[in-house]
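Scroll down for the structure; my scribbles are underneath it.
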Amino acid sequence: WVNFNELPPERTWDVLRKGVTGTAGGNYKLELFTGNGTARARCVWKDGQGTSISVVRGSNLHDGQWHELTCGRNGSTFSLTVDGATSSNTASLGSIANTAELTIGAKATDSDVFKGRIDEARVSFS
């Protein structure tokens, strides 16, 4: 869940991230960005071989209300759900497994810092 009331900067805001570009084993993230003049959400996955996919959804997320964001992977289908509505893309990605720390609200390097509130952040695997 996120709540914020201004547009993200050009570099984006991280909500949740494990690894960064170039991390051995791949990486994944949920971020907020400004697209078409409005705040939007994006999930990005990159496997250990460098193949990546992203899914974008939502608009006007900077309205000061709480929004539920969920990234998901089911086989070759990658999805982003914003407030119950889902968008998805398909790709053949390998495993994503790294030793990077999981961060909430920013990169481990203190960049892409989220300016708002985050509640009930979690990662689960099935």
Side-chain angles (χ1 to χ4, degrees):
W1 291 88
V2 297
N3 180 310
F4 59 104
N5 58 15
E6 64 183 73
L7 289 173
E10 182 178 324
R11 290 191 49 98
T12 74
W13 285 335
D14 282 350
V15 176
L16 186 140
R17 166 186 288 274
K18 181 134 172 51
V20 295
T21 300
T23 297
N27 64 83
Y28 58 84
K29 65 181 174 178
L30 166 57
E31 66 184 359
L32 298 164
F33 71 102
T34 299
N36 299 325
T38 186
R40 306 192 74 196
R42 176 172 41 219
C43 298
V44 180
W45 299 263
K46 184 174 183 182
D47 69 16
Q49 292 74 44
T51 303
S52 65
I53 188 170
S54 65
V55 181
V56 173
R57 179 140 194 102
S59 63
N60 295 320
L61 298 177
H62 61 295
D63 61 2
Q65 302 297 312
W66 284 101
H67 297 282
E68 183 180 24
L69 311 176
T70 305
C71 300
R73 177 182 185 176
N74 185 359
S76 62
T77 302
F78 296 81
S79 62
L80 168 58
T81 302
V82 177
D83 298 328
T86 302
S87 292
S88 63
N89 287 326
T90 59
S92 295
L93 260 66
S95 68
I96 301 170
N98 65 49
T99 58
E101 61 188 331
L102 176 72
T103 58
I104 298 171
K107 287 181 181 170
T109 58
D110 289 331
S111 59
D112 296 350
V113 177
F114 178 71
K115 189 173 181 183
R117 297 183 286 173
I118 299 173
D119 194 23
E120 298 184 36
R122 65 183 162 141
V123 175
S124 62
F125 300 93
S126 54

Mind jotting down which residue pairs meet the disulfide (SG to SG under 2.5 Å) criterion with at least one end in residues 21-121? Sequence neighbours excluded, please.
Cys43-Cys71

Shortest non-hydrogen contact from Thr81 toward Thr86:
OG1-OG1, 2.7 Å

I need the Leu16 CG to Glu31 CD distance, nearest 0.5 Å.
11.5 Å

Do the non-hydrogen side-chain atoms of Arg73 and Leu93 ever get within less than 4.5 Å of each other?
yes

Of all heavy-atom pairs linking Trp45 and Val55, the shortest is CZ3-CG2, 3.9 Å

Measure the spacing between CD1 of Ile96 and OG1 of Thr23 and express it to the nearest 0.5 Å.
11.5 Å

Scanning both residues in full, the closest heavy-atom pair of Asn27 with Asn98 reads CA-ND2, 4.0 Å

Hphob cluster co-occupancy, Leu32 + Phe78, side-chain heavy atoms under 4.5 angstrom:
yes

Sequence neighbours excluded, which residues qualify as side-chain hydrogen bond (donor to acceptor under 3.5 Å, both in side chains) partners of Arg57?
Ser87

Atom pair CG (Asp119) and CG (Asn3), whose distance is rounded to the nearest 0.5 Å
9.5 Å

Any residue meeting side-chain hydrogen bond (donor to acceptor under 3.5 Å, both in side chains) with Asp47, in chain and number order, not counting sequence neighbours:
none

Using side-chain hydrogen bond (donor to acceptor under 3.5 Å, both in side chains) as the criterion, list what pairs up with His62, not counting sequence neighbours.
none

With sequence neighbours left out, the residues meeting ring-ring contact (aromatic ring centres under 6.0 Å, His included) with Phe114 are Phe4, Trp13

Counting only pairs under 3.5 Å, give me each side-chain donor-acceptor contact of residues 105-112, with atom names and distances, residues two or more places apart or in other chains.
residue	atom	partner	partner atom	Å
Lys107	NZ	Asp112	OD2	3.3
Thr109	OG1	Ser111	OG	3.1

From Gln49 atom CD to Ser92 atom OG, the distance as rounded to the nearest 0.5 Å:
11.5 Å

Given side chains that start at C-beta, do those of Trp66 and Arg117 come closer than 4.5 Å, heavy atoms only?
yes

same_hphob_cluster(Val44, Val15) at 4.5 Å side-chain heavy-atom cutoff
no

Determine the minimum heavy-atom distance between Leu102 and Lys18, stating which atoms define it.
CD1-CB, 4.0 Å

Verify same cluster id: Val2, Ile104 (apolar side-chain graph, 4.5 Å):
yes

Pairwise distance OG1(Thr38) to CG(Leu61) - rounded to 0.5 angstrom
6.5 Å

When every non-hydrogen atom of Thr77 is compared with those of Ser88, the smallest separation belongs to CG2-CB, 4.0 Å

Heavy-atom closest pair (His67 atom, Asn60 atom, distance to 0.1 Å) is NE2-O, 4.3 Å

Within the distance-only criterion (no hydrogens, no angle test), does the side chain of Thr34 pair as donor or acceptor with the backbone N or O of Pro8 below 3.5 angstrom?
yes

Without swapping roles, check the side chain of Arg40 against the backbone of Gly58 for a donor-acceptor pair under 3.5 Å.
yes

